[in-house]
Asks: 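First, the structure itself, so that you have it in front of you.
These numbers were taken from a predicted model, which means no experiment stands behind them. Each chain gets a letter, A, B and so on, in the order the sequences are listed, and its residues count up from 1.
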2 protein chains.
Amino acid sequence: MNNHHRSVKVLRRGDLAKLTGCNLETIRYYENIGVMPEPPRSSKNYRVYDDRHVARLRFIMRARELGFTLDEVRDLLALVDGGAQTCGEVQGLANAHLASVRAKIADLKRIEHVLSSTVAQCSGDDVPECPVIDALREEA
Amino acid sequence: MNNHHRSVKVLRRGDLAKLTGCNLETIRYYENIGVMPEPPRSSKNYRVYDDRHVARLRFIMRARELGFTLDEVRDLLALVDGGAQTCGEVQGLANAHLASVRAKIADLKRIEHVLSSTVAQCSGDDVPECPVIDALREEA
DNA sequence: CTTGAGCCTGTACCAGCTACAGACCCTAGA
DNA sequence: TCTAGGGTCTGTAGCTGGTACAGGCTCAAG
């Protein structure tokens, strides 16, 4: 109860980082590239954040966890900020992203298949002959 | 049959690029970072390649297609160049890489699951309420 | 003899951060 | 009151795996 002469505790960059788990420098980076808004500054030029910044950063971090690129995040935020976003528009972006996620999975599965079946042929012994090396050397 | 007064046609950087499908600039990049050896130079300072360079570059490209990082490629090449590589050593590297591929697949599948089940709840309509946006806003 | 293609070099750029140097600023302890 | 330590500010460099371009040289064909 000692903050009645300290006004409401303001959030500085480090506080925002701790609250969200975001790296301190990343916050500034997001501001530079325009996905986080420029916050107001204190008299000593410190960035001052509030609840909406916390929510915004969490939104961004969740989108990143879902593999959205920062460009896609910008698009999502533009829709949300526009206020008039529609479910259809968002669904469009999400579906496009989903397609690219599925493409990556397919690529990796192909790689996984080749690698695992090749490694399975390895003797694992102390000999120079190795199916993995052979596969990499193979004449196409 | 007009090359008997031209000696054997030498491979220059562009030829190597065409033969392998590798980007011209990437060849120089691989040389800079030490995965391709510095080739001999012609009198006019042009790089001169031979069959072993072609094989080397193909090896690198196949390893990259299998998702090996350039660091891992360097390790593979060091083993091969050492001449005394053993199947066991190569298998070790390949298994480590396989594990990271599988980890990536698991990550992407988790993402795919979250995304697809969320998108499936979308009405797709011209309304502002959207399950995707809700998921991104969600208080953890 | 000119024009175009190829090669040479160094350097800048992309995503998506991360980290560091060199200034400030502020608070707590001696 | 001084000082040590933390925090913050700015700009900039580094990472991976390339890609691309400018400005200069060389070479062959027309």
Asks: Can you tell me how far P of dG17(D) sits from CD of Glu31(B), to the nearest Å?
Replies: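 After rounding, the gap between these two atoms is 18 Å.
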Asks: Please, which pairs that meet side-chain hydrogen bond (donor to acceptor under 3.5 Å, both in side chains) have at least one residue in residues 106-132 of chain A, sequence neighbours excluded?
Replies: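 Sorted pair list: Glu112(A)-Arg102(B).
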Asks: Output the rounded distance in Å from CG (Leu70(B)) to C1' (dT19(D)).
Replies: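 Those two atoms, CG and C1', are 14 Å apart.
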Asks: Output yes when at least one side-chain N/O atom of Thr26(A) is less than 4.0 Å from OP1 or OP2 of dT18(C), else no.
Replies: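 The answer is yes; a side-chain N or O of Thr26(A) sits under 4.0 Å from OP1 or OP2.
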Asks: Any salt bridge between Glu25(A) and Arg28(A), counting N to O under 4.0 Å?
Replies: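 Answer for the salt bridge query: yes.
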Asks: On DNA chain C, check which nucleotide each of Ser43(A) and Asp71(A) is closest to and give me the residue with the more 5' one.
Replies: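 This one resolves to Asp71(A).
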Asks: In whole angstrom, give the distance that lies between atom CD of Glu65(A) and atom P of dG16(C).
Replies: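 Between P of dG16(C) and CD of Glu65(A): 15 Å.
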Asks: For Asp71(B), give me all partners under side-chain hydrogen bond (donor to acceptor under 3.5 Å, both in side chains), at least two apart in sequence or on another chain.
Replies: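 Asp71(B): side-chain hydrogen bond (donor to acceptor under 3.5 Å, both in side chains) contacts with Arg74(B).
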Asks: Is the shortest side-chain N/O distance from Asn23(A) to OP1 or OP2 of dA19(C) below 4.0 Å?
Replies: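 The answer is yes; a side-chain N or O of Asn23(A) sits under 4.0 Å from OP1 or OP2.
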Asks: Please answer: with hydrophobic residues joined when any side-chain heavy atoms are less than 4.5 Å apart, are Ile33(B) and Met36(B) in the same cluster?
Replies: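 Yes; tracing contacts between hydrophobic side chains, which count when under 4.5 Å, links both residues.
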Asks: Can you check nucleotides 6-9 of chain C for protein contacts, nitrogen or oxygen pairs under 3.5 Å, and list what you find?
Replies:
| residue | atom | partner | partner atom | Å |
| --- | --- | --- | --- | --- |
| dG6(C) | N2 | Tyr46(B) | OH | 3.0 |
| dC7(C) | OP1 | Gly14(B) | N | 2.8 |
| dC7(C) | OP2 | Gly14(B) | N | 3.4 |
| dC8(C) | OP1 | Arg47(B) | N | 2.6 |
| dC8(C) | OP1 | Arg47(B) | NH1 | 3.2 |
| dC8(C) | OP2 | Arg13(B) | NE | 2.6 |
| dC8(C) | OP2 | Arg13(B) | NH2 | 3.1 |
| dC8(C) | OP2 | Arg47(B) | NH1 | 3.2 |
| dC8(C) | O5' | Arg47(B) | NH1 | 3.4 |
| dC8(C) | O3' | Arg41(B) | NH1 | 3.4 |
| dT9(C) | OP1 | Arg41(B) | NH1 | 3.2 |
| dT9(C) | OP1 | Arg41(B) | NH2 | 3.0 |
| dT9(C) | OP2 | Arg47(B) | NH1 | 2.9 |
| dT9(C) | OP2 | Arg47(B) | NH2 | 2.6 |

Asks: To the nearest Å, how far apart are Arg74(B) CZ and dG18(D) P?
Replies: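 So the CZ-P distance, Arg74(B) to dG18(D), works out to 12 Å.
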Asks: Could you tell me which non-hydrogen atom of Arg58(A) sits nearest to which non-hydrogen atom of Leu19(A), and how far apart they are?
Replies: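 Answer, listing the atom of Arg58(A) first, then Leu19(A): NH2-O, 3.0 Å.
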Asks: Heavy atoms under 4.0 Å, any strand shown: does Phe68(B) hit a base, just sugar-phosphate, or nothing?
Replies: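 No contact.
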Asks: Once you round it to whole Å, what is the distance between P of dC14(C) and OH of Tyr29(B)?
Replies: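 Taking atom P of dC14(C) as the reference, OH of Tyr29(B) is at 17 Å.
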Asks: Are Asp81(A) and Arg56(A) close enough for a salt bridge, meaning some N to O gap below 4.0 Å?
Replies: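 Salt bridge present between Asp81(A) and Arg56(A).
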